[in-house]
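Following: one structure in structure tokens, then a few remarks.
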Amino acid sequence: MHLCLVVGQMGDKEDSSGSFSEEAKTEEQKAKLIHPRPSLISPELKAMIRIRTKYQALKRRRLDSATGLFASGRPSTGPDPSLPTASGRPSMGPGLPTAPEIFTSNVKQATHRRRRRKGSRVLFPNNCCKVVPSDKDRSRAKPFFVLFGIIVSLQVYNAIENLDDHVAPYDLEGLDKTLRREVFGQRAAIEELMEHLQGYLSTYAHSQPLALALHGPSGVGKSHLGRLLVRHFRSVLGEDLVVQYFTLHHCPVQGDVGQCARELSLWVEEVVEHAEAQEKIPVFVLDEVELMPAPLLDVLQGLLQPNQTNEHLNVIYVLLSSLGQEEIIRHILQNVSCTAKSAGALLRRTLAEHHPLWAEVGLDIVSLTLLEKSHVMECLLEEMTQEGFYPDHGHIERLAGELSYFTTMGHQYSQNGCKQVVARVNLL
């Protein structure tokens, strides 16, 4: 009993001592709070650190909220009510005025990257190569067009070379110089004649013969022009491929007209076959066509038709005539500024009344104009030089003044051309 009491007293003592020790500890902690230890940081600095920490936390929360709104595509209408404002108090709602939002360069860069458009080019990874299409995937049109372009270029080049090859043997450049030098006052007619010859002789395949009808008044140089053509083409083609036909010589007035027509037809046939064998184009110069009877004109009209054999299509016919000279003289005197070339349509209608030959589409009419007084003086100078006379200019003017002229608008045109020049020179 006594032992129990002792033990109980000891336990009471221990309980009282334990409670005493806990109370002492709490009092000691209170004393520490009441009497803090001295610190090296001043209270003002601690307040500044505390304000800076709060400001950084507020800024970080605002940036996080703004970034989340931009990422979701919704614009920010105001600060989050749960976040503290700059004064430390929560926001009153989106409808109430709030502090201005702070946007930094990071937010602007994020929005700029969001609105940036992607390029149209295809980007390949760095660790792989570009895939080249196989031969099956490639189009065959490109090599076909390349081959087609090469073929066309070669054809054009060959055509140009063939034009030069066909024209070169006829020496048309030399013929042009000869005609310009020896035929006076017919520059326009010579240019038109050379254009026809150049175009026809450029190739060997034709759809119809070349027929040129040279018409002009007496004495303007038709027969002289025909002799120059015959002389030139005989020098480049040969005697047997160039024919000069005079109506009064080969078919006299008292002769058989039908026989003359048959002989002309056979002559043309023989020359054409010979030219075909040599792969050349023959030339026929027919003078004094105005004296040809109707059967001969019918033969010429048949030779100009396109529905013939190939050898009859590669022929050149030059017809020299004074038919329609009245129309040419009247047209030139009434239209001094115009050339004789403009009288072609009028002359064709007049000649078609004489014979249907001149109504053929394949017949080209070249008009020779009247000669002026200066051209007659050139004829006199040329004739006097050939006869061995001294070419005195005063003497030439005196001889030219003795001839007859048409006078209109200050121009003097010779009525007989240069036909009387030879007679005048022979009287010297």
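Excluded from the calculations below are hydrogen atoms, water molecules and symmetry mates; all remaining heavy atoms, backbone and side chain alike, are included.
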| query | Should we count CZ of R52 as having more than 12 external heavy atoms under 6.0 Å? | reply | no

| task | Evaluate the side-chain proximity of V299 to L303: yes if any heavy-atom separation is below 4.5 Å, no if none is. | result | yes

| task | Measure the shortest side-chain to side-chain distance between M384 and L381 over non-hydrogen atoms and say whether it is less than 4.5 angstrom. | result | no

| said: What I'd like to find out is whether the side chain of L319 reaches to under 4.5 Å of the side chain of L363, using heavy atoms alone. | reply: yes

| Whether E360 side chain and Q305 backbone form a donor-acceptor pair below 3.5 Å | no

| task | List the steps and the verdict of side chain to side chain contact (heavy atoms under 4.5 Å, CB included) for L296 and V289. | result | CA-CA 9 Å; L296 287 177; V289 178; over 6 Å; no

| Just wondering, more than 12 heavy atoms not from Q386 lying within 6.0 Å of its CD? | yes

| request: Quick one: which residue pairs count as a disulfide bond (SG atoms under 2.5 Å apart) with a foot in residues 205-239, not counting sequence neighbours? | output: none

| remark: Rounding to 0.5 Å, atoms NE2 (H250) and CD (E263) come to a distance of 9.5 Å

| query | Looking only at atom types and distance, does a side-chain atom of H375 sit under 3.5 Å from a main-chain N or O of E372, one as donor and one as acceptor? | reply | yes

| task | Considering only NZ, NE, NH1 and NH2 on the basic side and carboxylate oxygens on the acidic side, decide whether E402 and R398 come within less than 4.0 Å. | result | yes

| task | Using a 4.5 Å cut-off on heavy atoms from C-beta on, say whether the side chain of T369 contacts that of Q186. | result | yes

| request: Check whether more than 12 heavy atoms from other residues, nucleotides or ligands sit under 6.0 Å from atom CD of E270, and answer yes or no. | output: no

| query | Just wondering, do H395 and F389 contact through their side chains at under 4.5 Å, heavy atoms? | reply | no

| said: For I332, is there any backbone N or O sitting under 3.5 Å from a side-chain donor or acceptor partner on Y413? | reply: no

| note | Here the pair of heavy atoms bringing S367 nearest to A189 is O-CB, 3.8 Å

| request: For the pair N426 (side chain) and V422 (backbone), establish whether a donor and an acceptor sit closer than 3.5 Å, ignoring hydrogens and angles. | output: yes

| Distance in Å, N307 CG paired with S207 OG, rounded so as to fall on 0.5 Å steps | 11.5 Å

| request: Output, in order, the C-alpha distance, side-chain angles, deciding distance and verdict of salt bridge (charged side-chain N to carboxylate O under 4.0 Å, His left out) for R180 and E191. | output: CA-CA 9 Å; R180 292 178 182 274; E191 291 179 355; 3.7 Å; yes

| task | Run the numbers on M194 and L179 for side chain to side chain contact (heavy atoms under 4.5 Å, CB included), then give the verdict. | result | CA-CA 10 Å; M194 295 306 301; L179 296 179; 4.2 Å; yes

| query | What closest approach, in Å, do D256 and C251 show between heavy atoms, and which atom pair accounts for it? | reply | O-SG, 4.5 Å

| Are any non-hydrogen side-chain atoms of Y317 and V268 less than 4.5 angstrom apart? | yes

| CA sep, side-chain torsions, deciding dist, call: F233, V285, side chain to side chain contact (heavy atoms under 4.5 Å, CB included) | CA-CA 11 Å; F233 283 110; V285 179; over 6 Å; no

| message | Quick check: closest heavy atoms across V236 and K280, and the distance to 0.1 Å? | response | O-NZ, 4.5 Å

| query | Is a donor on one side and an acceptor on the other found under 3.5 Å between the side chain of E288 and the backbone of L248? | reply | yes

| query | Rounded to the nearest 0.5 Å, how far apart are CG of L351 and NE2 of H354? | reply | 8.0 Å

| field | Atom pair CE/CG of M292 and D287 - distance to nearest 0.5 Å | value | 9.0 Å

| task | Could you label the plane-to-plane angle of the W358 and H355 rings as parallel, tilted or perpendicular, counting under 30° as parallel and over 60° as perpendicular? | result | perpendicular

| Rounded to the nearest 0.5 Å, how far does CG of L241 lie from CD of Q278? | 5.0 Å

| remark: Closest heavy-atom pair, K373 versus Y405, reported as atoms and distance to 0.1 Å, is CG-OH, 3.6 Å

| message | When you measure from the side chain of E327 to the backbone of L347, do you find a donor-acceptor pair of N or O atoms at a distance under 3.5 Å? | response | no

| Taking every non-hydrogen atom, the tightest pair across A400 and L380 | N-CD1, 3.6 Å

| Can you find a heavy atom in the side chain of L201 that is under 4.5 Å from one in the side chain of L210? | no

| query | Between H206 and Y200, is there a donor-acceptor pair closer than 3.5 Å when you use the side chain of the first and the backbone of the second? | reply | yes

| field | side chain to side chain contact (heavy atoms under 4.5 Å, CB included) between V183 and L228, intermediate numbers included | value | CA-CA 9 Å; V183 180; L228 293 176; 3.6 Å; yes

| said: Checking the side chain of H224 only, and the main-chain atoms of E182 only, is there a donor and an acceptor separated by less than 3.5 Å? | reply: yes

| query | P295 and A261: which non-hydrogen atoms are nearest, and at how many Å? | reply | O-CB, 4.1 Å

| task | Could you pull out all residues at least two apart from S218 that satisfy side chain to side chain contact (heavy atoms under 4.5 Å, CB included)? | result | Q325, K419

| V272 and V315, any side-chain heavy atoms less than 4.5 Å apart | yes

| query | Can you tell me if H232 uses its side chain to pair, donor with acceptor, with the backbone of D171 under 3.5 Å? | reply | yes

| query | What distance do L371 atom CG and Q415 atom CD have between them, rounded to the nearest 0.5 Å? | reply | 12.5 Å

